[in-house]
Structures are given as structure tokens and as C-alpha cells.
Amino acid sequence: MNIKKRIVILISGRGSNMQALVKANIAQAEIVAVISNRAEAAGLQWATQHGLVTEAICHHDYPGREAFDAALIEHIDAYQPDLVVLAGFMRILTSEFCRHYTGKLINIHPSLLPAFTGLHTHQRALDSGCRVAGCTIHFVTPQLDCGPIIAQGVVPVLNGDTADTLAHRVLELEHQLLPQAVTDFVAGNLVIEGNRVNNLAAAGTDSAVCLKN
Ligand code: GRF
């Protein structure tokens with residue numbers, strides 16, 4: 001019998017990556033909950049409308065980061081997830097949280113890591129004169145945006161690009177890359193070896209995507 005892997009998705013806003021994951025309808029995956037730290041997140045409404053279990057756990061309701069993360073763990077673990085996906089979850093997580101989900105917590109970051117960890121990645125790529133930009137899916141470790149890389153997607157930086165036009169181009173790629181990474185995870189194809197991920201399905205090369213103009 002093919003038992004589906006249970007996935008919890010964490011979001012904070014529009015949730016377009018979460019939507020891409022839901023629409024991908026991955027055969028071996030079941031999205032068991034979508035949780036947001038903001039009740040007004042547009043993505044939460046979309047998830048509810050599409051019949052998913054949703055929860056809002058507001059960080060303002062807790063005295064600090066540790067207390068919020070501890071509560072978050074409790075809520076997430078009630079769904080017994082095999083994988084937790086940070087899909088635009090705009091909170092820095094405690095080391096305890098990251099360690100609790102070692103090897104089963106992944107994040108999508110809108111830059112070609114290790115360049116431009118943190119915020120404002122597209123503007124920083126433009127300011128640095130980069131000719132390419134992109135996104136990274138990685139396992140989460142306590143150091144921000146630094147865990148083993150599962151996949152990266154590359155787009156060109158075009159003349160006249162603004163942070164918005166670049167973000168839009170990168171986002172299209174995020175929507176392809178995240179479902180692929182989750183598909184690889186649930187198939188058991190991602191093996192963490194130190195800071196590298198050995199993708200048994202991709203033979204090391206086709207987990208990188210390059211879009212041309
Ligand atoms: C994406 O660009 C993602 O890379 C970053 O936050 C953004 C979330 O967008 N972590 P959405 O909520 O998935 O539309």
C-alpha cells in the first residue's frame with residue numbers, strides 16, 4: 001500500500017507557493033494543514049476555500065519567539081507531519097524549532113543562496129549588478145537561509161528590471177521548483193550528506209533550471 005506523506009505548509013501572506021503545491025496534486029503527498037502566523041493572510045482564505053484544514057496562530061499572542069515557536073511545534077505536531085514546508089513564512093525560527101524538524105523542514109528563498117540571505121533579495125541582486133537571479137529550495141538549519149540546498153532556479157536579470165519585475169520572474173520559477181522538490185522529498189530521493197543534498201532522482205544536474213529570455 002502506498003501511504004501518502006503528510007505535509008504541513010506554513011505561510012504568512014499571499015501563499016502563491018502554497019497554491020502551486022496544492023495544484024501540483026502530488027500523488028504521494030497529502031497536505032494535512034496550512035498554518036499562518038497572520039489570520040488575515042490571503043493564502044489562508046484560499047486554502048479554506050479549497051477545502052484544506054487551516055489554522056492561524058498569531059505570534060503577537062505569545063510573549064516571545066521561544067513561546068511562539070513552542071506553540072507552533074505543538075500545533076504542527078498534532079498533524080503528525082512527514083514534511084513541513086515554509087512557503088513564504090516570514091518569521092525567523094528558533095534553533096529549537098529548526099532542530100525539532102531536522103531533515104523534514106524545507107524553505108523557499110528568493111535568491112541564489114548563499115548570496116542574499118534575509119530580506120530584499122531582488123533589490124540587492126539589482127544593486128549588486130547581478131546578471132542572473134533566482135531562487136533556492138533548502139533544508140532548514142538554525143543558521144538563517146543556510147541549510148543544504150535541494151534545488152536552485154536561475155533567471156536572467158534584464159535591462160530595466162525593477163525589484164518587482166525581477167520578483168515576478170523569479171516567482172514563476174519558485175512555483176515550478178517547490179512542487180518538484182516536494183515530489184523528490186516524498187519519493188525519498190533527497191539524501192542529506194553534510195551540507196549537500198544528493199538527489200537520487202536528478203543525478204545531480206537537472207535539479208537546476210535555467211529560464212531563457
Ligand atoms: C516568495 O518569494 C518566497 O520565496 C519567499 O516569500 C515569498 C512568498 O510568496 N520566501 P508567496 O506567499 O508564496 O506568494
Side-chain angles (χ1 to χ4, degrees), residues 7-26 29 31 33-50 52 54-59 69 72 83-93 97-98 101 105-126 130 132-157 161-183 185 207-209 211:
I7 300 180
V8 170
I9 307 177
L10 303 189
I11 63 168
S12 294
R14 126 195 98 175
S16 68
N17 279 292
M18 175 268 300
Q19 293 182 29
L21 207 45
V22 172
K23 288 176 188 163
N25 208 5
I26 299 166
I31 294 163
V34 177
I35 299 177
S36 174
N37 62 314
R38 292 176 58 238
E40 68 279 18
L44 214 50
Q45 211 181 345
W46 186 94
T48 306
Q49 283 164 356
H50 286 76
L52 294 163
T54 60
E55 272 194 64
I57 307 166
C58 181
H59 54 278
D69 280 11
L72 198 53
L83 175 66
V84 179
V85 178
L86 306 178
F89 189 63
M90 304 305 283
R91 294 273 312 165
I92 292 179
L93 295 160
F97 186 96
C98 297
Y101 296 108
L105 178 63
I106 69 174
N107 179 44
I108 180 151
H109 182 77
S111 80
L112 292 170
L113 292 172
F116 312 127
T117 59
L119 297 174
H120 311 300
T121 54
H122 303 301
Q123 189 59 53
R124 287 158 65 203
L126 290 174
C130 295
V132 293
C135 54
T136 302
I137 319 277
H138 65 98
F139 283 104
V140 175
T141 56
Q143 206 183 343
L144 182 71
D145 298 330
C146 281
I149 292 172
I150 298 166
Q152 291 187 300
V154 181
V155 299
V157 175
D161 258 342
T162 63
D164 282 349
T165 58
L166 186 55
H168 180 78
R169 194 173 309 120
V170 171
L171 192 65
E172 283 184 3
L173 201 47
E174 294 181 29
H175 295 165
Q176 297 173 39
L177 220 54
L178 183 61
Q180 185 56 55
V182 171
T183 301
F185 180 94
S207 60
V209 179
L211 286 191

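In this chain, numbering begins with 1 at the start of the sequence shown. Counting starts at 1 for both ligands and their atoms, in listed order.
A 4.5 Å side-chain heavy-atom check between H122 and D161 finds every atom pair outside the cut-off. At least one side-chain heavy atom of L21 sits less than 4.5 Å from a side-chain heavy atom of I26. Two residues are said to be in side-chain contact when any heavy atoms from C-beta on lie closer than 4.5 Å; L72 and L10 meet this criterion.
Under the 30°/60° scheme for interplanar angles, the aromatic rings of H138 and H109 are found to stand perpendicular.
The shortest separation from a heavy atom of I108 to ligand 1 is under 4.0 Å, placing the residue in contact. Residue contact check for ligand 1: C135 places no non-hydrogen atom closer than 4.0 Å to it.
With a 6.0 Å radius and a threshold of 12 heavy atoms from other residues, nucleotides or ligands, E40 has its CD atom above the threshold.
Closest protein heavy atom to atom 9 (O) of ligand 1: R14 NH2, 3.1 Å. Considering only non-hydrogen protein atoms, atom 6 (O) of ligand 1 sits nearest to G88 CA, 3.6 Å. Counting protein heavy atoms only, atom 4 (O) of ligand 1 is closest to E174 OE1, 2.8 Å. Closest protein heavy atom to atom 11 (P) of ligand 1: S16 N, 3.4 Å.
Taking each heavy atom of T136 and Q152 in turn, the nearest pair found is OG1-NE2, 2.9 Å.
For N17, a nitrogen or oxygen atom sits less than 3.5 Å from a nitrogen or oxygen atom of ligand 1, counting backbone and side chain alike. For ligand 1, the polar-atom distance check finds an N/O of G15 within less than 3.5 Å of one of the ligand's N/O atoms.
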